[in-house]
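Notes follow the structure.
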Amino acid sequence: MSLEEFVSRTLDLLKEEREAEVEEARSWQQKIPLKELQKRGVCLLKLQPSNQHTGLYGRTIISFEARKVRQKIELPSNCFGPGDIIGLFDPLGEGLSKQLASGVVTKVTTNYVTIAFEESLDALSLPSEGIFHLLKLANDITYKRLKRTLHLLNNFRDGLPSELISVLFGNSQPNKAPSDAETKVRFVNPALDDSQKEAVVFALNQREVAVVHGPPGTGKTTTVVEIILQAVQQGQKILACAPSNIAVDNLAERLSKTGVIALRLGHPARLLAPVQHLSLDAVLARCDSAAIVHDVRSDIDRTYGKLKKVQDRGERARLHSELKILRKELRGREEAAMRNILLHANVVLASNTGACMDGPLHLLQKDHFGLVVLDESGQAIEASCWMPLLYAPKCVLVGDHLQLPPTVLSSRAAAEGLGTSLLERLVKTHGEKVVRMLRVQYRMNDAIGGWASRQMYNGNLHAHPSVAAHLLRDLPGVEDTEDTRLALLLIDTASCGLHETADEEQSKGNPGEVDIVVSHVESLLKAGVKSSDVAVISPYNLQVHLLRQTLSVAHPGLEVKSVDGFQGREKEAVVLSLVRSNRKGEVGFLNDDRRINVAVTRARRHLAVVCDADTVGSHPFLQSLLDQIEAQGETRTAFEYLDIVEEVSFRPNHDQSVSMNKNDRASASMHTKTAVQVGHIKSARDANTFREKDEVKGEELQQLRCKLEGFVVDKLKQRLEFAASLESSGRLWVHRFAEELGLGHGSVGDGNKRFIAVWKLGESSKSDETTTKEETPQSVNNEAAQEKQSDSTEDVTCKLVTKAVRDTTEKAEGVQVDLKALHMERVKRDKARTQEDKEKNRMGARRKKSGKNIAKGCQVDLVGDEDLDSVVEAFVQLDRTCAFPQCKANVSLVGHRCQHCHCTHCLKHRIPEVHGCGNEAKAHARRTTIRGGVLYARSAVPDKPPNPTKRAALARKLDKKIGELTSQRQGKK
């Protein structure tokens with residue numbers, strides 16, 4: 001691509017990107033109410049100026065605060081930050097149409113926001129009692145600087161960077177320095193590894209351009225610092241830049257510890273605290289001419305104060321003239337002081353856009369710098385890189401083009417090349433001629449970094465021995481648990497009904513995954529991991545918002561961010577929520593391999609991935625990540641975290657089933673930390689859901705299978721328990737084999753004592769007898785009495801009721817308690833007792849005066865044919881009456897038969913929660929929803945959001961109809 005073609009195309013794409021930013025800002029101003037904008041944090045309403053003074057370069061600095069209705073009033077929550085472009089609006093205008101001025105945010109506190117305006121104090125005269133609105137605007141300053149730089153590049157013909165420009169656009173090949181000029185390097189940092197030393201020597205011996213490719217954790221900043229120090233020793237002046245202020249500050253902080261004279265350009269409010277003393281403002285305040293500059297500024301402020309009070313026209317003209325002279329003197333003295341400071345600095349650091357020609361760098365000669373270093377150049381659009389590149393004949397680009405590309409708002413502009421960085425283009429154009437890769441990473445456990453090495457870096461990335469096997473349990477104060485001893489963990493939500501949702505802006509969320517993430521984070525913190533060592537990240541902003549609502553309040557030190565916002569960071573433990581879970585297997589922008597590479601490589605010792613393996617696995621790159629976790633980590637199902645308990649049948653041919661409700665689970669957990677998973681969880685135990693570990697050999701699986709088959713044919717055994725030492729992969733196979741053989745299965749115990757138990761579902765009562773429980777004499781007598789009473793009646797229903805009232809709560813010391821079995825027996829007793837009370841109320845309310853006696857427990861005293869006819873008539877009458885106690889409504893014609901208790905109720909008492917079947921209805925709804933994904937026909941959440949165009953058309957049609965009906969209304973006479 002020629003230089004002219006590049007400039008022409010980039011200008012068009014930048015214009016489209018600018019229009020996209022402006023359109024977004026315009027939509028905020030026109031379509032969204034002001035109060036809603038303030039809730040989103042992009043607007044502050046009804047502020048008044050509190051302080052005004054003259055700042056650097058004669059700019060006007062104004063602080064705004066809320067109206068003083070009461071003392072120390074705080075500003076609403078907002079996303080204003082240093083460097084943001086802010087518009088100042090008059091609230092008396094229509095909406096946000098009347099903009100008075102624009103400025104740059106310099107400082108934000110809870111009580112006020114300070115803005116630097118280009119206008120002078122006399123041009124921007126704001127009444128102290130006036131009220132104004134502030135709105136975040138698109139950054140037109142950056143766009144103007146990029147446009148000016150491209151025009152300058154297009155007209156650049158002669159000068160030091162001419163050969164560099166020719167190489168970067170492919171018109172000539174990159175060259176090495178002459179053999180007699182090759183640098184013999186004595187490394188300042190002898191601890192560099194071989195690949196880092198090779199990159200340093202290569203960068204110093206290139207004549208025009210060198211690329212240092214640094215994958216995650218390979219010590220890019222360490223290598224860059226060594227290159228800069230070697231160039232300084234050669235007598236060169238260095239200009240070091242990066243696309244973000246954070247990256248520049250990190251480099252400045254490292255250089256400040258080496259003894260070189262470093263100068264950081266940019267407003268101090270935009271810098272990190274450790275490097276603020278390196279800023280130009282701070283150095284100016286310490287220089288010899290600082291006192292004179294301060295006096296001139298004081299004179300300007302004093303003269304401006306007089307100007308506001310004077311009414312005489314002649315006096316005002318004299319003061320205006322005096323202000324003009326003072327500003328000229330201030331500008332001259334500041335420029336002289338800045339030029340002197342810039343000349344004495346070995347390294348000047350700035351952001352890409354901060355190195356523009358209209359900034360402080362214009363005070364230097366064109367040949368002042370001998371080398372330009374661009375850190376994190378893979379995240380910068382190419383046009384911004386040309387701002388610093390025009391200052392020197394040689395450049396070193398540092399970054400990783402296999403991580404996230406530059407952020408571009410317009411999708412069309414990104415697709416046509418605006419999102420392609422200079423680093424990525426050079427690697428494709430010149431390849432190994434200009435590239436040296438750092439091959440040793442000092443961040444990740446080898447199980448984590450090995451996947452990134454194979455998938456993204458052709459297997460050339462290796463873990464240093466000091467980090468290859470480090471885990472969370474190796475940190476001081478961290479316990480050795482089943483979570484802290486894992487480097488990789490997959491929590492699979494497939495077939496658990498945890499589907500994704502979407503908000504108005506089409507961002508995705510998954511509340512079910514939020515619960516799982518919170519549970520896993522709590523287990524890590526409970527094991528002793530510090531909250532500051534844990535990060536929770538997700539690709540979607542809606543999911544980040546949901547996670548922050550749950551985690552940020554309870555754990556302030558825990559970071560919850562998007563993947564894009566966490567690039568360049570690292571944590572000891574990272575929990576990644578991938579969100580997507582749908583029937584079509586759509587992964588959205590998760591198909592960007594570079595974004596997933598960034599997400600995975602943020603973790604040092606532990607990475608937990610929460611996702612729907614069926615949905616995510618449809619993408620080959622994501623499937624390779626799941627395979628890596630299966631091979632070198634552990635796979636769990638979401639049921640182990642959500643505590644979902646399926647229903648269990650008490651008899652093989654009986655439909656009645658009950659499930660443990662939330663209150664019962666809570667009361668059980670107060671006595672013992674026993675996690676029980678029982679029953680037919682077919683959807684979660686299916687072969688497509690579980691991903692078995694390769695560590696389980698075929699012979700071990702065969703032994704487990706044979707052991708379970710032998711248990712099935714053994715009529716004497718009703719319960720089988722496996723050792724707690726069984727591996728997690730073996731436990732998964734036991735669950736699967738038990739499901740195939742029709743056995744009940746569950747995990748019992750906690751921590752190192754957790755084991756797997758299986759039992760025969762058809763004989764649940766017998767399985768209770770095999771637990772070697774000792775019965776007390778009182779319970780034996782009660783049971784004998786109940787059996788005698790049961791034998792004295794001929795009613796089968798009464799026999800079932802009395803048999804279900806057995807007391808199974810006896811516990812012997814040292815015996816493992818099956819909480820599920822105890823709970824099910826108790827539910828049976830409660831239900832039988834409820835049924836007995838219903839029958840008693842029905843019979844007692846309808847006793848006949850002729851002496852018919854319907855006794856307790858449904859026992860009927862039969863005397864003769866006459867009495868039998870009366871009893872039959874009474875039961876027929878009962879069948880025509882609502883089954884709700886004390887309700888006499890006739891249900892012969894209109895009634896509703898409950899599918900849970902099989903009784904007929906009137907329309908008033910037909911709801912299950914009203915007549916006592918609430919728990920059964922809740923369990924039925926849960927079972928139906930988990931298995932089928934829907935509760936009733938057409939109740940599922942649609943996979944695709946509604947068409948916004950149709951939605952808007954319907955909204956307009958509705959508004960029109962409402963307007964017509966409103967106009968037809970007439971007031972009362």
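Between Glu424 and Arg594 there is a salt bridge, with a side-chain nitrogen of the basic residue lying less than 4.0 Å from a carboxylate oxygen of the acidic one. The pair Asp193-Arg439 does not meet the salt-bridge criterion, since no charged nitrogen lies less than 4.0 angstrom from a carboxylate oxygen. Comment: Arg569 engages Glu559 in a salt bridge, judged by a side-chain N to carboxylate O separation of less than 4.0 angstrom.
Contact of the His368 side chain with the Leu343 side chain is registered, since non-hydrogen atoms from C-beta on lie closer than 4.5 Å. With contacts defined as side-chain heavy-atom distances shorter than 4.5 Å, the pair Ile165/Leu168 does not qualify. You'll find the side chain of Val398 stays beyond 4.5 Å of the side chain of Leu374, heavy atoms only.
A side chain to side chain contact (heavy atoms under 4.5 Å, CB included) with Asn460 is found for exactly one of His213, Arg454, Met437, namely Met437.
Residues satisfying the ring-ring contact (aromatic ring centres under 6.0 Å, His included) test with His619, not counting sequence neighbours, are none. Here Phe566 pairs with nothing under the ring-ring contact (aromatic ring centres under 6.0 Å, His included) rule; sequence neighbours left out.
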Identify every side-chain donor-acceptor pair in residues 214-221 under 3.5 Å, counting partners at least two apart or on other chains, and give the distances.
from, atom 1, to, atom 2, distance (Å)
Thr218, OG1, Pro215, O, 2.6
Lys220, NZ, Gly214, O, 3.4

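Ring centers of Tyr391 and Trp386: at least 6.0 Å apart, outside the cut-off.
Summarising the local packing, NZ of Lys433 is surrounded by 12 or fewer heavy atoms from other residues, nucleotides or ligands at distances under 6.0 Å.
A donor-acceptor contact under 3.5 angstrom links the side chains of Thr222 and Arg254, judged on distance only.
Geometrically, Lys136 does not engage Phe80 in a cation-pi contact, judged by NZ or CZ lying under 6.0 Å from the ring centre and within 45° of the ring axis. Phe169 carries Arg425 over the face of its six-membered ring, with the cationic atom under 6.0 Å from the centre and within 45° of the normal.
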